[in-house]
Amino acid sequence: MQRPNYPSGKDLLSADAVSRFDLDDIMERAERHLREEEMEKAGHALPEPPAPRRRPKVIATLFDQRSTRTRLGFQAAAARLGHQSIDAYDTDRNRIGQTTGESIEDHIHTVELYSDLLVVRSHMEDLPYRVGRLSYLPVINAGNGADEHPSQALVDIFAIRQMRGPIETLGIALSSDTRARFAISFVKMLKLSPPKRFTLCCLPDAPLNPAMREAMTVLANLGTAIGIVHDIRQTLDHDVLSIQMQDMSKFAHAALGNEAVDKEKESEPFTLTARKILDARSDTLILNPLPRFSELDTSCDSLPNAGYFRQVQLSVPMRMAILERMLLGIPWTGQADSFPPSSGG
Ligand code: ASP
Ligand code: CP
């Protein structure tokens, strides 16, 4: 079969793919989708009601790890745009995998004939990159092993802008294992609008992931005041705190994969409770990519600080913006070519 030359910048595989120009464009699109949703909810007519779609696009999700928000978020976003989605990587039902022996190459070359865009989540870090090279369709990395989760970073930046304003004016804290993929993409993406202050809250004896170290160095070179602390209380004077579990090695396989989650408790300095927020008289906006573990106590949910479910809600206009842009064929201009982490690129 004749394959076209794949356009440069077709895929969203890493936060590196996104330039400042792309970020401005995607934020504008997401804000428009949000405004339209709010107008519709308030019963107002839209200035330009969307025309019924005669030929909807098909979004194929290929997920070999569990997901609630990313999979349903892209599916909901597709539906809101008048498109449709198909689940294209159900290992129990597709022919792919060891039982029937169909190769990933044949699977992708089949799925791309049914669809217009591929969304891939995998425990294999190189899979979204392989799919991006195999297919002429645009590909979104929806989380690859311990590498990246770029659409989550766009959601997080959109959520912060909506709930606290321009990132450049803010102090942002992150409490997380520095190997977490959402955290890597988030800190990498912050370079496009460097905050005034960035504080990492992490275990005192855990080695700093090189990708996180590099992203923090980039921020420091752009003028962000960088700090590292080892107690969540020291983040409660920031404008925003994004929090997740501290030691993924205990949970990662279960949390990201398909097994039961170990219920081991997060240690006290890294657990956020309503008591700590109230004692600090903190108005810090709390975000969490979810699912949460014991790092974020449910007592926080009723406080005005709790932004994590609004973050989920805001992910739909952002994912609509991502799909819209990529289905229009608008390239990501941050980095012309993306390489999987193992290639050293
Ligand atoms: N759900 C997100 C992910 O799959 C964040 C997390 O679980 O830590 O990466
Ligand atoms: N935030 C996030 O990626 O959630 P899921 O793992 O449920 O998709």
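Each ligand, and each atom within it, is numbered from 1 in the order the structure gives. Because only heavy atoms are used, hydrogens play no part in the values below, and waters and symmetry mates are left out as well, while side chains stay in. Predicted model, so just to flag it, every value in this text is computed and none were measured.
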Which value, rounded to the nearest 0.5 Å, describes the distance between Ile286 atom CD1 and Ile232 atom CD1?
-> 7.5 Å
Between Arg121, Arg71, Gln65, which one has a non-hydrogen atom sitting closest to atom 6 (O) of ligand 2?
-> Arg121
Near Gln152 (heavy-atom distance under 4.0 Å), the atoms of ligand 2 are 1 (N), 2 (C), 3 (O)
Any sub-3.5 Å donor-acceptor pair from Gln246's side-chain atoms to Cys201's backbone N or O?
-> yes
Just heavy atoms, cut-off under 4.0 Å: does Gln65 contact ligand 1 by side chain, backbone, both, or neither?
-> neither
Under a 4.0 Å heavy-atom limit, does Leu290 contact ligand 1 with its side chain, its backbone, both, or neither?
-> backbone
Under 4.0 Å to a heavy atom of His149 - the qualifying atoms of ligand 1, by number | 3 (C), 9 (O)
Give the numbers and elements of all ligand 2 atoms closer than 4.0 Å to a heavy atom of Thr70.
-> 2 (C), 3 (O), 4 (O), 5 (P), 8 (O)
Below 4.0 Å from any atom of ligand 1, is there a heavy atom belonging to Arg121?
-> yes
Before accepting this row, confirm whether a basic side-chain N of the pair Asp126/Arg133 lies closer than 4.0 Å to the acidic partner's carboxylate O.
-> no
Working to the nearest 0.5 Å, report the span between CD1 of Ile184 and CG of Leu174.
-> 9.0 Å
In terms of side-chain heavy atoms, does Ser151 have a donor or acceptor partner in Arg319 at a distance below 3.5 Å?
-> yes
Would you say Lys57 and Leu323 make side-chain contact, with heavy atoms under 4.5 Å?
-> no
When Arg69, Gln162, Gln152 are each screened for side-chain contact (heavy atoms from CB on, under 4.5 Å) with Gln311, the one that passes is Gln152
Derivation and outcome, side-chain contact (heavy atoms from CB on, under 4.5 Å), residues Asn288 and Phe293 = CA-CA 10 Å; Asn288 187 310; Phe293 300 89; over 6 Å; no
Short list, please: which atoms of ligand 2 are under 4.0 Å from a heavy atom of Leu290?
-> 1 (N), 2 (C), 4 (O)
Under 4.0 Å from any heavy atom of His149, which atoms of ligand 2 are there?
-> 2 (C), 3 (O)
Say whether Pro291, considering both its backbone and side-chain N or O atoms, lies within less than 3.5 Å of an N or O atom on ligand 2.
-> no
For Gln244, atoms of ligand 1 separated by under 4.0 Å from a heavy atom | 6 (C), 8 (O)
Pull out every atom of ligand 1 sitting under 4.0 Å from any heavy atom of Pro291, numbered as shown with elements.
-> 1 (N), 7 (O)
For Thr68, the ligand 2 atoms whose distance to one of its heavy atoms is below 4.0 Å | 5 (P), 7 (O), 8 (O)
What are the two closest heavy atoms between His33 and Met320, and how far apart are they?
-> ND1-CE, 3.5 Å
